[in-house]
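Working notes, beginning with the structure itself.
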Amino acid sequence: MNKHLKGLTISSIIAALAITGCSSGQGSQGGDTSVKESGFVVSTEPVILKFYVNVTRLSELEFQNYFVDPLKKKYPHITLQKLEGEIDKLVAAGDVPDLIMSDNDWHMPLKHLDLPMDLTELVKKSGLDLNVFLPESIQAIRNLDPKGGLEGIPLFLNTGALFYNKDLFDKFGVPYPKDGMLWSEVLELSRKLTRKENDVQYIGWDPRFPDHLISPYSQEFVDPKTNKALIDTPHYRKIFELFKQVYDQPGYIGPKNEYAYGPGGFVSTHILAMQADWVSKLVSDLLQAEAKGAAPNWDLATVPNFEDTVGKGRHALADMLIITKPSKYKEQAMQVIQMLTSQEHQIMMTRDARLTVMKDKEVQNQFGANNPSLKGKNIAAIYKYPPSKTPQPHIADKEVQTIIRNIRKEMAVGKKDINTVLREGQELADKKIAEMTSMMK
């Protein structure tokens with residue numbers, strides 16, 4: 001595959017030459033013109049950087065406002081070309097991005113494709129100051145490399161919160177959720193709100209994904225010592241016992257075996273009263289719905305916990321920028337990163353309701369300032385709990401995660417008991433891990 005990728009990279013450079021009518025440049029070595037940027041010299045000849053968004057949320061408006069327009073002003077020699085499609089298929093076809101926006105939860109599939117570059121030396125060369133970032137965001141990224149390398153630079157932070165529809169609570173005379181709630185208390189509220197009225201079935205609470213609830217425990221998907229999945233464990237048993245109580249609520253399972261209602265039920269149809277989720281994702285959905293006049297009357301509280309994780313947030317999750325190993329324009333990609341992580345730029349994005357990765361309180365306090373719809377919301381709940389430690393990653397994480405999430409349907413629709421689903425999930429995951437690890441030998 002490397003020979004194929006190399007050939008495609010050369011072809012891409014030739015195509016870029018034909019478009020721009022000038023030399024492609026080779027970082028500090030290319031062209032007759034260059035600029036000294038924070039300690040390193042970068043060619044100012046026109047280049048096209050291929051940019052890919054991996055799983056994380058970045059609307060077309062955000063791409064234009066945060067990336068394209070500012071880049072045109074600050075670095076007119078750099079053009080971003082956004083790639084679409086599945087990353088593995090793009091790589092197989094030789095269409096390899098130079099710069100990737102992803103997060104630490106979805107990093108292992110990129111490592112499997114051998115894409116992320118260790119940015120340690122490039123950071124030193126560029127003079128990028130890592131001390132301005134929240135330490136947990138840097139540590140979450142370093143945790144992705146057994147050698148402690150830095151395979152990305154944080155761009156946005158993400159954390160969990162409990163979102164709720166105030167109108168549904170008012171409709172049924174139920175008190176609003178508050179900060180510091182336990183999952184058992186959320187379930188009690190849900191039982192009062194899961195009801196049918198005027199032929200509309202309302203759902204009190206969708207617990208979403210089991211791995212969301214386990215996050216404060218910092219439990220890995222795979223045991224690094226035994227290479228076995230961590231599914232049939234006390235933590236997941238407790239979580240699935242809670243899920244069973246949710247599914248047992250009269251009216252919760254729909255006539256067509258519906259058992260998952262978020263985020264559409266919360267943002268679009270407004271039949272869902274509560275949903276705990278990652279803040280950046282759900283706030284983005286809510287603000288887009290607000291722009292269309294279709295958002296619910298919502299607010300938020302701190303993410304609920306079990307009794308033994310009170311006061312803990314979800315694990316540190318950072319949207320990050322990755323420069324790929326095959327890229328011919330690593331210095332230019334670092335210029336883009338420097339622009340996006342500057343204080344001025346972070347303030348601008350934070351005011352648009354993106355959670356900053358900067359530890360500067362001046363930046364943090366700007367959250368949502370540009371959005372009138374966020375005024376009066378319990379924004380303090382977002383920052384109230386410190387992130388939990390990010391668990392040790394494994395190449396099979398996403399496969400195990402998928403198996404865990406599929407257990408929901410086995411219980412809700414298949415009516416399988418907890419012992420059975422945990423045993424079957426464990427066996428299936430162990431088999432998948434064995435297959436993956438044997439292919440890598």
Side-chain angles (χ1 to χ4, degrees), residues 158-196 201-217 235-254 258-267 269-279 281-283 285-286 296-315 377-385 387-388 404-405 407-408 411-412 418:
N158 212 344
T159 188
L162 178 67
F163 293 81
Y164 60 94
N165 184 329
K166 296 171 72 173
D167 287 343
L168 292 187
F169 279 84
D170 293 341
K171 181 182 181 69
F172 297 120
V174 178
Y176 297 153
K178 56 187 178 182
D179 289 350
M181 293 186 70
L182 300 174
W183 288 120
S184 57
E185 295 174 306
V186 175
L187 177 61
E188 286 306 309
L189 290 179
S190 180
R191 286 171 172 155
K192 297 175 182 178
L193 294 158
T194 302
R195 54 202 293 180
K196 195 169 188 177
Q201 177 64 56
Y202 294 97
I203 303 297
W205 165 49
D206 181 351
R208 297 286 281 149
F209 301 119
D211 47 286
H212 284 185
L213 276 68
I214 207 171
S215 181
Y217 289 110
H235 289 154
Y236 271 121
R237 180 173 295 276
K238 177 162 58 176
I239 288 166
F240 282 115
E241 285 173 351
L242 180 63
F243 271 65
K244 183 180 186 305
Q245 293 178 74
V246 172
Y247 298 148
D248 284 346
Q249 294 175 97
Y252 188 92
I253 304 299
E258 300 96 335
Y259 66 93
Y261 299 91
F266 188 81
V267 178
T269 63
H270 306 170
I271 63 167
L272 180 61
M274 293 180 289
Q275 176 181 325
D277 215 326
W278 293 104
V279 170
K281 292 181 179 180
L282 200 54
V283 167
D285 289 348
L286 288 165
N297 178 20
W298 64 278
D299 207 339
L300 71 164
T302 54
V303 66
N305 278 297
F306 290 105
E307 290 82 351
D308 55 351
T309 59
V310 170
K312 284 188 173 184
R314 291 184 179 181
H315 67 274
K377 307 291 187 192
N378 183 21
I379 300 302
I382 297 172
Y383 296 102
K384 193 167 185 177
Y385 294 161
S388 300
I404 290 170
R405 292 183 174 187
I407 287 176
R408 298 175 303 154
M411 292 180 61
I418 294 173

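- Taking both residues in full, the closest heavy atoms of Gly313 and Ser388 are given as O-OG, 2.6 Å, listed atom of the first, atom of the second, then distance.
- Of the inter-residue distances, the one linking Asn165 atom CG with Asp170 atom CG reads 9.0 Å to the nearest 0.5 angstrom.
- Salt bridge Asp248/Lys244: present, at least one basic N to carboxylate O contact under 4.0 Å.
- In this structure, the separation between OH on Tyr261 and CE on Met274 is 14.5 Å, given to the nearest 0.5 Å.
- Residues Pro210 and Ile407 fail the side-chain proximity criterion, which asks for heavy atoms closer than 4.5 Å.
- Under the 3.5 Å distance criterion, the side-chain polar atoms of Arg208 are matched with a main-chain donor or acceptor of Gly262.
- In this structure, the side chains of Ser190 and Val246 stay at 4.5 Å or more apart for every pair of heavy atoms.
- Of all heavy-atom pairs spanning Asn305 and Tyr385, the tightest one is ND2-CE1, 3.8 Å.
- Here the straight-line distance linking atom CD of Glu307 with atom NZ of Lys238 works out to 6.5 Å at 0.5 Å rounding.
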Listed pairs under 3.5 Å, donor-acceptor, residues 178-186 side chains, sequence neighbours left out:
| from | atom 1 | to | atom 2 | distance (Å) |
| --- | --- | --- | --- | --- |
| Asp179 | OD1 | Thr302 | N | 3.0 |
| Asp179 | OD1 | Asn378 | ND2 | 3.0 |
| Glu185 | OE1 | Leu182 | N | 2.8 |

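- Inter-residue side-chain proximity for Phe240 and Leu213 is flagged as unmet; no heavy-atom pair is nearer than 4.5 Å.
- Nearest approach of Leu162 to Pro177, heavy atoms of both residues: CD2-CB, 3.8 Å.
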Test side-chain contact (heavy atoms from CB on, under 4.5 Å) applied to His270 and Leu168, step by step: CA-CA 8 Å; His270 306 170; Leu168 292 187; 5.8 Å; no

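- Taken from CG in Asp299 to CZ in Phe169, the straight-line distance is 11.0 Å, to the nearest 0.5 Å.
- Taking the six-membered ring for Trp and thresholds of 30 and 60 degrees, Tyr252 and Tyr247 have ring planes inclined between 30 and 60 degrees apart.
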Intermediate values then yes/no, side-chain contact (heavy atoms from CB on, under 4.5 Å), Phe306 and Leu242: CA-CA 10 Å; Phe306 290 105; Leu242 180 63; 4.1 Å; yes

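- A heavy-atom distance below 4.5 Å is not found between the side chains of Val267 and Trp298.
- Evaluation of the ring-ring contact (aromatic ring centres under 6.0 Å, His included) rule for Tyr259 yields no partner, not counting sequence neighbours.
- Here the side chains of Thr159 and Val303 are not in contact, with every heavy-atom distance at 4.5 Å or above.
- Side-chain atoms of Lys312 do not come within 3.5 Å of backbone N or O of Ser215 as any donor-acceptor pair.
- Listed by chain and number, the residues in a side-chain hydrogen bond (donor to acceptor under 3.5 Å, both in side chains) with Glu188 are Arg191 (sequence neighbours excluded).
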Trace of the side-chain contact (heavy atoms from CB on, under 4.5 Å) decision for Phe266 with Leu286: CA-CA 9 Å; Phe266 188 81; Leu286 288 165; 4.0 Å; yes

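- Looking only at side-chain heavy atoms (C-beta outward), Tyr236 and Ile214 come within less than 4.5 Å of each other.
- Nearest heavy-atom pair across Ile271 and Gln201 is CB-O, 3.8 Å.
- Pro175 and Leu189 get closest at one heavy-atom pair: O-CD2, 4.0 Å.
- The line from OH of Tyr202 to OG1 of Thr269 is 9.5 Å long, rounded to the nearest 0.5 Å.
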From CA spacing to verdict: side-chain contact (heavy atoms from CB on, under 4.5 Å), Phe209, Arg408: CA-CA 8 Å; Phe209 301 119; Arg408 298 175 303 154; 3.5 Å; yes

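- The line from CZ of Phe243 to CG of Asp206 is 7.5 Å long, rounded to the nearest 0.5 Å.
- Remark: side-chain polar atoms of Thr194 are not paired, donor with acceptor, to backbone N or O of Ile203 under 3.5 angstrom.
- Minimum interatomic distance between Ala273 and Gly204 (heavy atoms only, all atoms of both residues): CB-O, 3.3 Å.
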